[in-house]
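To start, the structure itself, in structure tokens.
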Amino acid sequence: MNRKVCAGTVEATERQLEGLGIIAEIMDKNRYQIRYTLRRVYDEYGRVYAANFEVNALSLGQTIAIVPAAFCRITGVDQRATDGCMDVTEAQLDELGFIRKGAATNAYSAVLSA
């Protein structure tokens, strides 16, 4: 694989898929992978007047926008980061604002019982 390419399709043999399956089973099931990109908005003079991180939770298929200060505080990403990919916990995912099926059901039942 070409390491400069960040997206695409790769043909794999049965043996390679089996090897990837073993790696997937080793990964912690309580962690989620996110991809983030810093989006800047410029004024007519070329100055940045707004910035947000566009964050995509790969396993959930959801994308959110969040201010850089909150994103860096929650995930621990450096303030100078512009894009990347990382694993986060369920708590971090919830704090970022993503909606997980199990968490939404628990929150709904908690409201009904109150």
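Here Glu54 contributes atom CD and Ile64 contributes atom CD1; the two are 10.0 Å apart, rounded to the nearest 0.5 Å. Atom CG of Leu93 and atom CG of Asp87 lie 11.0 Å apart (nearest 0.5 Å). Taken to the nearest 0.5 Å, the CZ atom of Arg100 stands 10.0 Å off from the OG atom of Ser59. Here the CG-CZ distance, from Leu58 to Arg35, works out to 5.0 Å after rounding to the nearest 0.5 Å.
With hydrogens and angles ignored, the 3.5 Å screen pairs a side-chain donor or acceptor of Gln62 with a backbone N or O of Ile99. Between the side chain of Gln92 and the main chain of Ile74, a donor-acceptor pair closer than 3.5 Å is present.
Side-chain atoms of Val55 and Phe98, non-hydrogen and from C-beta on, do get closer than 4.5 Å to each other. Proximity of Cys85 to Gln33: side-chain heavy atoms (C-beta onward) are separated by under 4.5 Å at one or more points.
Closest heavy-atom contact between Met86 and Thr75: CE-O, 3.6 Å. Between Leu38 and Ala51 the shortest heavy-atom distance is CD1-CB, 4.1 Å.
As a member of the Ile/Leu/Val/Met/Phe/Trp/Tyr network built from side-chain separations under 4.5 Å, Val67 groups with nothing else and remains a singleton.
For Arg73, the salt bridge (charged side-chain N to carboxylate O under 4.0 Å, His left out) partners are Glu95, not counting sequence neighbours.
In this pair, Tyr36 and Phe53 present their aromatic rings perpendicular. The plane angle is above 60°, beyond the 30 to 60° band.
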